[in-house]
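Below is one structure; the comments refer to it alone.
Keep in mind the model is a prediction, meaning the values are calculated, not measured.
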Amino acid sequence: MPPLVAIVGRPNVGKSTLFNRLIGQRTAIVEDQPGVTRDRRYAEGDWNGRVFRLVDTGGLAPGEGAGIAALVHQQARQAIDEADLVLFVIDAQDGLTPTDREVADMLRRSGRPLLAVANKVDRTEHESLANEMYRLGVEVVHGVSAAHGRGIGDLLDAMIALLPPPEAPATTAGEAPLRLAFVGKPNVGKSSLVNRLLGAERVLVHDQPGTTRDPIDTPFEYRGQQFVLVDTAGIRRRQKIDAPVERVAVILAERALARADICAVVIDAAAGPTEQDARLAGLVEAAGRAAVIVLNKSDLLRGQGDERQVRGALADQLPFMSWAASLTTSARTGQGVTGILDAALKARANHSRRVATGALNRLFEGIVERHPPPGVRGTANRLYYITQVEVRPPTFVVSASHPEGIPDSYHRYLIKEIREAFDFTGAPIRVRFHRRPRKRKARPGASSDE
Ligand code: GDP
Ligand code: GDP
């Protein structure tokens, strides 16, 4: 099944207009299941060859006596449970409401990939209105006009980038090739690294008979493993994109991300990591891709002192990437360059790793016993069980008596403990909380909970 994208937001922000815009000319399937969900519109769309399913939960009826806030909360909960990606839409001309803030918090805490969309940015003058959405603490706000089609292409690029990577077809040798993308600001040395890598002694670049132009992707082999260097032409040649420089780097990164399993995030070690590096790495993290951090231009560092300083700055600027290995390279001397491939192989293995449920729960019991979550309204918040539900990235679901009452700090504690117990270097991991399904008497003909 293609990945599912859910549109969430208050009534009248333009969800159904956006839905129609994102699926183009297709018709939606309206699902009407009385008592479960009402009026959910589904459709399949595609963009640059990636197929996705879109659901507009806008028609969900609020529970009896409940207002708009309850309605939007309900949409969001459903999206968190089902969707691979949530588009959270506000009306830029109306601005943020308290409900928008609450729902954004809830979506962020869920760990579900999230895109912030400010709609009704019909004209350039409206763009500053969209910026208000940054107050929700999101990385990137997409200002669009669903009614006029403005910003829709960029939004689709970003959506595709955040979807789970497509299943790569397995080769005859068995394992699928590892799809590696280089991501980074201009001038950090991406194209120099790629040229070094493809020219390295132990890297075997496969011939591409019949192609005279630069191939978009370059297949090669290293230590008997198949790799594909994604978007090689885009890395080697400067692309002409009509957008401000800092947007161009983001757009290129999103395109590369959409097609890769693993990103080498390249940073100029001599200049040190910057906010723009953090923004690009943030996209990789949000997309759930495996990553290796490459501190390039190490030949310009003077000794261990400088290197320590760069690593310190890295921990300060990109704290959310602490799970990725960081290596120093020099495209000029060749130092460390094939190390990127070794780190990528390790990251790939961790990204697709499944931990057995038994081992996981034995560990989990201890973690919770040592440090239980705070109570909610005077009752204990009980955590019952943990399962790994997905790989790429490894995703865990914890069943809890009060999933909404888990603080961010506890969420981080669980992630840290899981990381310490199992080596997930190079892979982001996600932990989500679900309410434990209540035991119900089985009704004839009804399917039971889980
Ligand atoms: P929903 O309730 O969130 O699904 O919102 P709708 O898609 O039904 O749109 C609500 C209203 O906003 C309608 O009158 C739309 O025509 C209008 N609308 C939707 N998108 C835009 C937009 O980009 N710009 C402007 N100015 N109006 C829009
Ligand atoms: P890109 O824009 O990220 O693809 O960066 P380039 O590969 O075009 O490199 C930008 C500049 O940095 C060029 O002048 C390169 O020669 C230089 N450069 C790239 N890698 C290194 C390195 O490892 N050491 C040094 N000293 N310079 C480098």
field: Pair listing, salt bridge (charged side-chain N to carboxylate O under 4.0 Å, His left out) test, anchored in residues 262-275, at least two apart
entry: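 Counting only pairs at least two positions apart or across chains, the salt bridge (charged side-chain N to carboxylate O under 4.0 Å, His left out) contacts touching residues 262-275 are D268-K297, E275-R279.
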
query: Which pairs pass salt bridge (charged side-chain N to carboxylate O under 4.0 Å, His left out) with one or both residues in residues 186-200, sequence neighbours excluded?
result: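 Of all non-adjacent pairs touching residues 186-200, none passes salt bridge (charged side-chain N to carboxylate O under 4.0 Å, His left out).
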
Can you name the side chain to side chain contact (heavy atoms under 4.5 Å, CB included) partners of [X], sequence neighbours left out?
| X | value |
| --- | --- |
| P403 | A400, F433, R435 |
| R308 | Q304 |
| A315 | none |
| L283 | V140, V250, A253, E254, L257, L280 |

Where the side chain of [X] meets the backbone of [Y], is there a donor-acceptor pair that is under 3.5 Å apart?
| X | Y | result |
| --- | --- | --- |
| D84 | L4 | yes |
| R112 | A83 | yes |
| D277 | T274 | yes |
| H126 | D122 | yes |
| D94 | I90 | no |
| H411 | I406 | no |
| T387 | V389 | no |
| R53 | A43 | no |
| D261 | L178 | no |
| E307 | S298 | no |

Under the side-chain hydrogen bond (donor to acceptor under 3.5 Å, both in side chains) test, residues paired with R101 that sit two or more places apart: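 With sequence neighbours excluded, R101 shows a side-chain hydrogen bond (donor to acceptor under 3.5 Å, both in side chains) to no residue whatsoever.
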
task: Not counting sequence neighbours, which residues clear side-chain hydrogen bond (donor to acceptor under 3.5 Å, both in side chains) with T17? List them please.
output: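 Checked T17 against side-chain hydrogen bond (donor to acceptor under 3.5 Å, both in side chains); zero matches.
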
message: Closer than 4.0 angstrom, basic N to acidic O: yes or no for R223 and D342?
response: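 A salt bridge is present here (some side-chain N lies under 4.0 Å from a carboxylate O).
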
- prompt: Is a salt bridge present between R10 and D100, judged by a nitrogen-to-oxygen distance below 4.0 Å?
  reply: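 Between D100 and R10 there is a salt bridge, with a charged N closer than 4.0 Å to a carboxylate O.
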
List the atom pairs, donor and acceptor, that lie under 3.5 Å between side-chain atoms in residues 147-156 and the rest of the protein, sequence neighbours left out.
residue: R150; atom: NE; partner: V121; partner atom: O; Å: 3.4
residue: R150; atom: NH2; partner: E127; partner atom: OE2; Å: 2.7
residue: D154; atom: OD2; partner: R247; partner atom: NH2; Å: 3.2

State which residues pass salt bridge (Lys or Arg N to Asp or Glu O under 4.0 Å) with [X]; sequence neighbours excluded, sorted by chain then number.
| X | value |
| --- | --- |
| D299 | none |
| E132 | R135 |
| R430 | E285 |

query: Do S192 and R332 meet the criterion of a side-chain donor-acceptor pair at a distance under 3.5 Å?
result: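 Side-chain D/A pair, S192 to R332: absent.
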
- request: Say whether N131 and S128, considering side chains only, have a donor N or O and an acceptor N or O under 3.5 Å apart.
  value: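 No donor-acceptor contact under 3.5 Å links the two side chains.
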
Shortest non-hydrogen contact from [X] to [Y]?
| X | Y | result |
| --- | --- | --- |
| C263 | R289 | SG-CB, 4.5 Å |
| A146 | N119 | N-OD1, 2.8 Å |
| Y134 | V141 | OH-N, 3.3 Å |
| A291 | V284 | CB-CG1, 3.9 Å |

query: Any idea how Y222 and F227 line up, ring-wise: parallel (<30°), tilted (30 to 60°), or perpendicular (>60°)?
result: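 Answer is perpendicular, since the angle exceeds 60°.
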
task: Working to the nearest 0.5 Å, report the span between CE of M133 and CG of L136.
output: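 Separation between the atoms: 5.5 Å.
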
message: Is it true that, when you exclude Q309 itself, more than 12 heavy atoms of the residues, nucleotides or ligands shown sit nearer than 6.0 Å to its CD?
response: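 12 or below, so no.
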
task: Applying side chain to side chain contact (heavy atoms under 4.5 Å, CB included) between Q335 and each of N296, L327, T328, report the one that passes.
output: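 Exactly one pass, corresponding to T328.
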
field: Option from L229, D231, D217 for which side chain to side chain contact (heavy atoms under 4.5 Å, CB included) with R179 holds
entry: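 Only match with R179 under side chain to side chain contact (heavy atoms under 4.5 Å, CB included): D217.
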
- prompt: Is there a salt bridge (charged side-chain N to carboxylate O under 4.0 Å, His left out) between K15 and D56 once you walk through the steps?
  reply: CA-CA 7 Å; K15 294 185 298 301; D56 171 13; 5.4 Å; no

- request: Check step by step if salt bridge (charged side-chain N to carboxylate O under 4.0 Å, His left out) holds for K346 and D423.
  value: CA-CA 10 Å; K346 173 144 195 242; D423 176 17; 3.2 Å; yes

